[in-house]
Amino acid sequence: MDSISADEIAHDFPPFFRVYEDGRVERFHNYVYVRPSDNPNTGVRSKDVNNNSARLYLPKLTGKRQKFPLLIYIHGGGFSIESAFSAGHDKHLHSVVSKANVVAISIDYRLAPEHPLPACYDDSWAVIKWAALHVGMWDHLILTKEPWLKDHVDFSRVFLAGDSAGANIVHDMVVRASASEKPLGDDFRIVGMALIHPFFGNNEADEYFSFIFPECPGLDDPRLNPAAHLKLLSSLICLKIMVFTAEKDFLRDRSLTYYDALKKSGWKGEVEIMETQGEDHVFHLLQPTCEKAGILMKRLVDFFNQKI
């Protein structure tokens with residue numbers, strides 16, 4: 001029998017990764033890692049926390065006990081590329097924190113295919129539970145408290161946001177938090193969720209999802225296709241949801257389907273949708289200084305700053 005060539009391709013999923021017969025994974029995009037830093041121009045500070053599972057951002061302080069809303073952000077990248085520590089996402093979070101005046105936790109998670117789904121969901125949930133331990137009656141359960149969270153977060157105003165696959169994960173995090181047993185406690189109050197170009201599935205077979213999520217029970221799994229679960233949508237605990245899409249985004253129709261399903265579900269909150277004309281998937285991260293990216297950023301900041 002001929003030996004298998006190390007260069008023989010077993011699975012090919014551009015623009016994400018390629019897997020060779022010998023098990024080697026080649027990613028088509030390798031992010032540029034940046035260290036946490038303090039920005040002298042904006043006053044935003046950052047550091048890595050919880051055993052490097054997340055990067056924490058603190059806006060400029062004007063008082064010792066100043067409190068801010070908390071933003072929990074989850075990066076995209078098809079569940080298989082990018083990082084909370086990449087140059088692009090780090091710059092984006094610095095900008096959001098400076099403009100919106102929020103404390104932010106940017107979650108890093110294990111990537112597929114080496115770590116198949118649901119690893120990304122479980123890693124993200126672990127960070128959120130860690131953050132929730134800093135709240136009121138639960139803080140005695142955490143041995144090493146993070147002072148930026150303990151001293152400067154108003155846990156009655158928690159927002160979740162993410163782009164692409166990160167938006168998908170964000171939605172599942174809010175679903176988990178909405179469970180009847182209140183797993184994060186009464187004082188950790190998720191008031192809003194922003195889904196930026198969410199990477200949702202639909203009712204069509206998807207070879208990529210099947211490969212990175214081999215244990216997925218089916219196409220209507222609520223983690224991949226929440227629009228197929230109206231009862232689940234109706235029970236979401238947040239009061240506001242903002243959906244962002246783009247005219248040329250290959251996932252545009254799935255965002256619209258989710259938006260329509262949410263309105264039909266009986267959910268008692270308010271949902272808005274913003275579509276950017278002439279732009280493609282996550283354009284705001286690829287071209288952060290363009291005019292339309294600035295418009296998207298302003299809408300996002302206004303969402304975090306609204307009275308709820």
Side-chain angles (χ1 to χ4, degrees), residues 16-17 25 27 29-40 42-59 61 68-98 102-135 138-139 141-153 155 158-170 172-173 176-177 183-184 188 190 212 282 285:
F16 302 119
F17 60 82
V25 176
R27 284 181 168 79
H29 168 80
N30 292 308
Y31 67 85
V32 177
Y33 169 85
V34 294
R35 297 176 61 85
S37 62
D38 296 349
N39 188 314
T42 64
V44 174
R45 303 169 62 194
S46 64
K47 62 180 173 180
D48 295 341
V49 295
N50 196 30
N51 296 318
N52 296 322
S53 64
R55 182 159 290 179
L56 184 61
Y57 298 82
L58 183 71
L61 296 177
F68 306 91
L70 176 64
L71 167 63
I72 298 173
Y73 189 90
I74 305 181
H75 74 83
F79 307 96
S80 61
I81 59 175
E82 270 295 329
S83 167
F85 311 134
S86 73
H89 277 97
D90 180 72
K91 184 177 181 179
H92 181 62
L93 265 294
H94 266 280
S95 183
V96 170
V97 168
S98 173
V102 295
V103 172
I105 300 174
S106 183
I107 296 176
D108 204 50
Y109 53 84
R110 290 171 294 167
L111 300 176
E114 295 91 338
H115 304 282
L117 279 64
C120 59
Y121 300 107
D122 296 339
D123 291 352
S124 299
W125 184 240
V127 174
I128 293 173
K129 289 198 297 181
W130 168 78
L133 289 176
H134 290 77
V135 186
W138 299 106
D139 66 2
L141 298 176
I142 188 167
L143 297 177
T144 306
K145 298 180 177 65
E146 170 47 56
W148 288 4
L149 292 179
K150 187 65 181 172
D151 296 340
H152 298 297
V153 167
F155 287 101
V158 179
F159 294 86
L160 273 74
D163 63 271
S164 194
N168 174 300
I169 300 170
V170 159
D172 185 62
M173 297 302 97
R176 296 191 189 199
L184 300 177
F188 190 92
I190 298 175
I212 65 173
V282 297
L285 296 175

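Just so we're clear, the structure is a prediction, and the values are computed from it rather than from any experiment.
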Next on the checklist: side-chain contact (heavy atoms from CB on, under 4.5 Å) for R35 and K47? Distances and angles first, verdict last.
Outcome noted: CA-CA 8 Å; R35 297 176 61 85; K47 62 180 173 180; over 6 Å; no
Checklist entry - Do M173 and Y121 pass the side-chain contact (heavy atoms from CB on, under 4.5 Å) test, and can you show the C-alpha distance, the side-chain angles, and the key distance before you say yes or no? => result CA-CA 7 Å; M173 297 302 97; Y121 300 107; 4.2 Å; yes
Item to check | Candidate pair F79 and I169, rule side-chain contact (heavy atoms from CB on, under 4.5 Å), full reasoning | outcome: CA-CA 9 Å; F79 307 96; I169 300 170; 4.0 Å; yes
Item to check | Intermediate values then yes/no, salt bridge (charged side-chain N to carboxylate O under 4.0 Å, His left out), E82 and R27 | outcome: CA-CA 10 Å; E82 270 295 329; R27 284 181 168 79; over 6 Å; no
Item to check | Step-by-step side-chain contact (heavy atoms from CB on, under 4.5 Å) determination, I105 to L71 | outcome: CA-CA 6 Å; I105 300 174; L71 167 63; over 6 Å; no
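You'll find the side chain of S86 stays beyond 4.5 Å of the side chain of Y33, heavy atoms only. Side-chain contact between L285 and V282 is present, with heavy atoms from C-beta onward closer than 4.5 Å. Counting heavy atoms from C-beta outward, V158 and F188 have side chains that approach closer than 4.5 Å. By the 4.5 Å heavy-atom criterion applied to side chains, V127 and V49 are not counted as neighbours. Counting only heavy atoms from C-beta outward, the side chains of L70 and F159 never approach each other to under 4.5 Å. Contact of the V153 side chain with the W148 side chain is not registered, since no non-hydrogen atoms from C-beta on lie closer than 4.5 Å. By the 4.5 Å heavy-atom criterion applied to side chains, L184 and I128 are counted as neighbours. The shortest side-chain heavy-atom distance between H29 and F16 does not fall under the 4.5 Å cut-off.
Residues D90 and Y57 have side chains that bring a donor and an acceptor to within less than 3.5 angstrom of each other. One side chain, D163 or Y73, offers a donor N or O that lies under 3.5 Å from an acceptor on the other.
Across all their heavy atoms, S80 and L111 have their closest contact at O-CD1, 3.5 Å. When all heavy atoms of A112 and L117 are compared, the pair lying nearest together is CB-CD1, 4.2 Å. Considering all non-hydrogen atoms of both residues, G78 and A165 come closest at N-CB, 3.7 Å. When all heavy atoms of V97 and A104 are compared, the closest pair comes out as CG2-CB, 3.5 Å.
Put simply, the residue from I107, D108, D123 that forms a side-chain contact (heavy atoms from CB on, under 4.5 Å) with I74 is I107.
The distance from atom CD of E146 to atom CG of L58, rounded to the nearest 0.5 Å, is 9.0 Å. Between atom OG of residue S124 and atom CZ of residue R110 there is a gap of 10.0 Å, rounded to the nearest 0.5 Å. The distance from the CD1 atom of I81 to the OG atom of S164 is 8.5 Å, given to the nearest 0.5 Å. Note that CZ of F17 and CD1 of I212 are 6.5 Å apart. Values are rounded to the nearest 0.5 Å. Annotation: the span from R55 atom CZ to N50 atom CG amounts to 14.0 Å, rounded to 0.5 Å. Put simply, CZ on F85 and OG on S106 are 7.5 Å apart, with the number rounded to the nearest 0.5 Å.
Of the possible donor and acceptor atoms, none in the side chain of S95 sits under 3.5 Å from a partner among the backbone N and O of H92. Under the 3.5 Å distance criterion, the side-chain polar atoms of N39 are matched with a main-chain donor or acceptor of T42. Panel note: side chain S46, backbone S37; a donor-acceptor pair is recorded below 3.5 Å. In terms of modelled atom types and a separation under 3.5 Å, the side chain of H134 and the main chain of W130 share a donor-acceptor contact.
Look at D151 and K145 and you find no salt bridge, because none of the NZ, NE, NH1 or NH2 atoms lies under 4.0 Å from a carboxylate O.
The environment of N52 atom CG is dense: over 12 non-hydrogen atoms of other residues, nucleotides or ligands sit within 6.0 angstrom.
A centroid separation of less than 6.0 Å is found between the aromatic rings of Y109 and H75.
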